[in-house]
Amino acid sequence: MKNKNIVSVLGVVGLSSLIGISSLSAQAGAPATPPAAPAPTLPEAEVKAISSYILGYQHGQRLGGSGLSEADVDNDGVIKGFLAGLKGDEPSYDEAKIRAAMTQLQQIVEGREAKKAEANLAAGKKFLEENKKREGVTTTASGLQYEVINKGSEKTYQGAANAQDTATKFLVNYRGTLIDGTEFDKSPEGQPYPMTLQVIPGFKEALTTMPVGAKWKLFIPSELAYGARAAGPKIGANSTLIFELELVEIQEAPAAPAAPRGPAASAVTPPVEVPAPPKKESNKASAE
């Protein structure tokens, strides 16, 4: 059995897309990360140890975000399969068994995640229903709830609410948790993090509403967050999210340079003279 058949088997059950690096934040598309300090030069043995760990970590993180848990995998099998794939060996199982096992695994995961999604939705609705009764909590027309910690200045975002603004930068400090207090994301310590409006709807509403210098606590219903899909190993489907968000600065998009101006057009366009064709000489004149 050729390796390309294994890829097709994984594709049938939808697991081939799980390979890669996951990234968690409120962003739908992550902004540019501030430059990091130069990396140290490591001994070769340490390079091998760390890079091997990270390769496993990246795959595990991605798979965990899709609903797999530690109980779903056999440690020895993972290592054997990983090494066999690196060496280009043939799989130890035939295609029929691989297809059957992967299909059943997908069914197990989907069933378990569906139950979690139902529980998350119910828990989130109950939490928000009680939370909106608290003094100081405001609920907007969309269902977003927020609590003002610091009022900030009078300056707010001046762009159109329906504009597809991809250039304005919002420098923020934030920390995201689930309703049970589990932290799933936070901005780097000591420096505001740049974001655009390519974020989840609840986050976008806050960024375009709150004043510069303000700090709000956001309570974002699942329909204004990631909805019925999971977003990494910690944010399950239908999760209500809580953010502490501080808007430090708004960097407006630079104005587009003005187009060069050409010579002023005349109010009256001069008539175009078309030369008349030359007159043909008569036969008589030609004969003479």
Side-chain angles (χ1 to χ4, degrees), residues 23-36 124-125 127-227 231 235 239-259:
S23 176
L24 291 181
S25 74
Q27 292 275 93
T33 303
K125 286 184 175 180
F127 172 85
L128 293 170
E129 190 65 29
E130 294 298 320
N131 190 63
K132 72 179 182 181
K133 300 175 184 177
R134 291 195 305 110
E135 184 178 356
V137 174
T138 299
T139 303
T140 69
S142 70
L144 173 69
Q145 296 179 6
Y146 68 90
E147 183 178 5
V148 176
I149 300 174
N150 293 325
K151 291 184 177 180
S153 66
E154 299 297 323
K155 181 182 177 182
T156 57
Y157 175 69
Q158 298 300 308
N162 60 351
Q164 297 298 314
D165 184 350
T166 60
T168 300
K169 294 290 190 301
F170 298 81
L171 303 185
V172 301
N173 295 312
Y174 70 91
R175 177 175 177 264
T177 64
L178 304 178
I179 59 176
D180 65 1
T182 300
E183 181 181 289
F184 59 82
D185 194 15
K186 66 178 180 179
S187 56
E189 296 289 343
Q191 56 183 354
Y193 193 69
M195 285 188 168
T196 68
L197 290 180
Q198 310 309 299
V199 291
I200 56 177
F203 217 85
K204 179 178 180 179
E205 182 177 347
L207 289 176
T208 56
T209 305
M210 64 191 301
V212 172
K215 185 176 182 179
W216 289 5
K217 191 168 187 178
L218 309 178
F219 308 91
I220 304 179
S222 60
E223 61 268 23
L224 298 179
Y226 294 99
I235 304 178
S239 290
T240 294
L241 306 182
I242 300 174
F243 282 95
E244 290 183 4
L245 173 63
E246 180 184 15
L247 179 56
V248 178
E249 183 182 350
I250 297 177
Q251 294 180 345
E252 297 179 359

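What you see is a predicted model, and the numbers here were worked out from it, not measured in a lab.
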Could you pull out every donor-acceptor pair under 3.5 Å between side chains of residues 208-221 and any protein atom, sequence neighbours left out?
{"unit_1": "Thr208", "atom_1": "OG1", "unit_2": "Lys204", "atom_2": "O", "d": "2.9"}
{"unit_1": "Thr208", "atom_1": "OG1", "unit_2": "Glu205", "atom_2": "O", "d": "3.2"}
{"unit_1": "Thr209", "atom_1": "OG1", "unit_2": "Glu205", "atom_2": "O", "d": "2.6"}

Checklist entry - Atom NZ of Lys186 and atom CZ of Phe243: how far apart are they, to the nearest 0.5 Å? => result 14.0 Å

Next on the checklist: Within the 4.5 Å heavy-atom criterion, are Asn150 and Glu246 side-chain neighbours or not?
Outcome noted: no

Checklist entry - Are Leu241 and Tyr226 side-chain neighbours, meaning at least one heavy-atom pair lies under 4.5 Å? => result yes

Checklist entry - Under a 4.5 Å cut-off applied to non-hydrogen side-chain atoms, are Lys155 and Gln158 in contact? => result no

Item to check | Closest non-hydrogen atom pair between Ala225 and Ile200, with its separation | outcome: O-CG2, 3.8 Å

Checklist outcome for this item: Between the CG atom in Leu245 and the CG atom in Leu207, the distance rounded to the nearest 0.5 Å is 5.5 Å

Next on the checklist: With a 3.5 Å distance limit and no angle check, can you tell me whether Gln145 reaches the backbone of Gly143 through a side-chain donor-acceptor pair?
Outcome noted: no

Checklist entry - With side chains defined as the heavy atoms from C-beta onward, is the minimum distance between Thr140 and Tyr146 less than 4.5 Å? => result yes

Next on the checklist: Distance check, rounded to the nearest 0.5 Å: Gln191 atom CD versus Glu189 atom CD?
Outcome noted: 10.0 Å

Next on the checklist: Looking at every non-hydrogen atom in both residues, tell me the closest pair between Thr240 and Ser222 and how far apart they are.
Outcome noted: OG1-N, 4.1 Å

Next on the checklist: Rounded to the nearest 0.5 Å, what separates atom CD in Glu244 from atom CG in Asn173?
Outcome noted: 11.0 Å

Item to check | Heavy-atom pair with the smallest gap, counting every atom of Glu183 and Thr177 | outcome: CA-CG2, 3.9 Å

Next on the checklist: Under the criterion side chain to side chain contact (heavy atoms under 4.5 Å, CB included), I'd like the reasoning laid out for Ile179 against Asn131: C-alpha separation, chi angles, the key distance, then a yes or no.
Outcome noted: CA-CA 11 Å; Ile179 59 176; Asn131 190 63; over 6 Å; no

Next on the checklist: Within a 6.0 Å radius of atom CD on Glu252, are there more than 12 heavy atoms belonging to other residues, nucleotides or ligands?
Outcome noted: no

Next on the checklist: According to side-chain contact (heavy atoms from CB on, under 4.5 Å), who are the partners of Thr168, at least two apart in sequence or on a separate chain?
Outcome noted: Tyr157, Asp165, Phe170, Ile250, Ala253

Checklist entry - Is there a side chain to side chain contact (heavy atoms under 4.5 Å, CB included) between Glu147 and Thr138 once you walk through the steps? => result CA-CA 6 Å; Glu147 183 178 5; Thr138 299; over 6 Å; no

Checklist entry - side chain to side chain contact (heavy atoms under 4.5 Å, CB included) between Ile235 and Asp185: does it pass, once the steps are laid out? => result CA-CA 10 Å; Ile235 304 178; Asp185 194 15; over 6 Å; no

Item to check | pair Leu171-Pro194: side-chain heavy atoms closer than 4.5 Å | outcome: yes

Next on the checklist: Do Ile242 and Phe127 make a side-chain contact, defined as non-hydrogen atoms from C-beta onward lying under 4.5 Å apart?
Outcome noted: yes

